Amino acid sequence: MPLSNTATAYGGIARLFHWLIALGIALMIPLGWAAHLWPMQDAAAITTKTTLFSAHKTLGVAIFFIALARIGFALSQPRPVPLHPERRAETLLAEAVHWALYSALVLVPLSGWIEHAATDGFAPIWWPLGQDLPLVPNSPALAGSFAEVHFLAQWLLVAALALHIAGALKHAVIDRDATLARMAKGIRAGTPHPHKGHATPALLASAAWLALLSGGAAAGLYGTAPTAETPKLEAAVSDWQVQAGSLSISVMQMGTEITGSFADWTAAIAWAEAAAPGPEGHVTVQIAIPSLALGSVTKQALGPDFFAATEHPTATFQADLIRTDDGREAKGMLALKGASIPLTLPFDLTVEGDTATMTGHAMLDRRDFAIGDGMSDPSQLGYEVQLRVTLTATRSEN
């Protein structure tokens, strides 16, 4: 059996690529849909969902590389002639569908891979390399955009695949020719004749992609949409005005540290340096919970089983600022999701003139706030949540 194509037959390598990718698609599409639809009501269901997503991602990356090799090989080989060259429209459509399939086999897994690499979170790829990609920053917005590209591209893949299968069945059942047999058995069929290049079918496939992706852009699909309405926080009346800062959390999920931050929060600070250990002031911090971005699990984190951002859109930390023998701490109560829990946050403070810079760190237990009660296995979702605060504030003018 020849390995290379001829003008009338597919060689062994082309046929191997074809059936490997066909098998991969037959597994990848149902894996992806099952992973998306699988529930997350308890630890066992989450384990299954994670496994399904990891299998889908790993298989997708494998198909990406096989598809690249197949396309490179196809471009280097003669394509067996159409069996019905007089049917020009049919031949053109068939070749355009082939180009749509080739490109989808690259773009569908690549967009999913970029989404995975651009954010922390759910379901690792099952090999050491590929969790991150060169030139792909850690960006929830970028991940959201490529998630939409992945979603749209999968439908073009499905449509092209359906047309491809329909065409093969037409040739086998209606035309009763050797089109399918050439790929299935490698038989020779057809009469060599001059055949035009790939330009027109490739342009038609490109037009289909342009229409699909432009339609997604026109519909405003790209980017991350909030899952709950973010409350508008009133400006804090404060002796010190926050000029810059961050409020972030991190937790271990499936052996990976997931880090996120709240985009909207305020701090009302009353502080005056004490000469000796003792009280120095107080602070009230308000946090808009729906402003949390937590990688690929943001939507899940804001849902009713976790932060319940719709029912509990704000959190408040009220604390006394205390100078201790060896540093400083904010000691008070954190009100979150209907619970109020004591919290002590040690912090470092540097003051230069009327500008103060602080960094603080504390540990929370998510179970104190009934966050993720259904996930009782800490190897899936850790109990400890790291809270980190940084801010720069300037003294208000009297």
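In this text, all values refer to a predicted model and were calculated from it rather than measured experimentally.
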| said: With a 4.0 Å cut-off on N to O distance, would you call E115 and K57 a salt bridge? | reply: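 Not counted as a salt bridge, because no side-chain N and carboxylate O are separated by less than 4.0 Å.
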
| said: I'd like to know if K170 and D177 make a salt bridge, using a cut-off of under 4.0 Å between side-chain N and carboxylate O. | reply: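 Looking at D177 together with K170, the answer is no, because their closest N to O distance does not fall below 4.0 Å.
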
Heavy-atom side-chain proximity of [X] to [Y] below 4.5 angstrom:
X: I258; Y: M252; value: no
X: L68; Y: V106; value: yes
X: R79; Y: H98; value: yes
X: V97; Y: L93; value: yes
X: V285; Y: V283; value: yes
X: S246; Y: V389; value: no

| message | Parallel, tilted or perpendicular, judged at 30° and 60°: which one describes the rings of W113 and F64? | response |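 The rings of W113 and F64 stand perpendicular, inter-plane angle above 60°.
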
| said: Over 60° means perpendicular and under 30° means parallel, so tell me whether F151 and W155 are parallel, tilted or perpendicular. | reply: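 Rings of F151 and W155: perpendicular, as their planes differ by over 60°.
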
State whether a side-chain donor-acceptor pair under 3.5 Å links [X] with [Y].
X: Q318; Y: H282; answer: no
X: T350; Y: T357; answer: no
X: T394; Y: Q243; answer: yes
X: S103; Y: W209; answer: yes
X: S250; Y: R388; answer: yes
X: Q386; Y: H361; answer: yes

| message | Tell me whether R328 forms a cation-pi arrangement with F347, defined as NZ or CZ under 6.0 Å from the six-membered ring centre and within 45 degrees of its axis. | response |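 That pair does not qualify as a cation-pi contact.
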
Working to the nearest 0.5 angstrom, can you tell me the gap between [X] [atom1] and [Y] [atom2]?
X: R70; Y: I13; atom1: CZ; atom2: CD1; value: 13.0 Å
X: Y383; Y: D365; atom1: OH; atom2: CG; value: 8.5 Å
X: L294; Y: F307; atom1: CG; atom2: CZ; value: 7.5 Å
X: L334; Y: S340; atom1: CG; atom2: OG; value: 7.5 Å
X: K337; Y: R366; atom1: NZ; atom2: CZ; value: 10.5 Å

Within 6.0 angstrom of [X] [atom1], more than 12 heavy atoms from elsewhere:
X: E86; atom1: CD; value: yes
X: K331; atom1: NZ; value: no
X: R188; atom1: CZ; value: no

Quick check: does any side chain N or O of [X] sit under 3.5 Å from a backbone N or O of [Y], one acting as donor and the other as acceptor?
X: S238; Y: I269; result: yes
X: T58; Y: A55; result: no
X: S291; Y: A263; result: yes
X: N5; Y: Q77; result: no

| field | Criterion side chain to side chain contact (heavy atoms under 4.5 Å, CB included) on E273 and E280, from CA distance to verdict | value | CA-CA 6 Å; E273 186 172 12; E280 289 190 320; 3.9 Å; yes

| query | In terms of hydrophobic clustering (I, L, V, M, F, W, Y; side-chain heavy atoms under 4.5 Å; direct or indirect links), are L349 and L387 co-clustered? | reply |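 Yes.
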
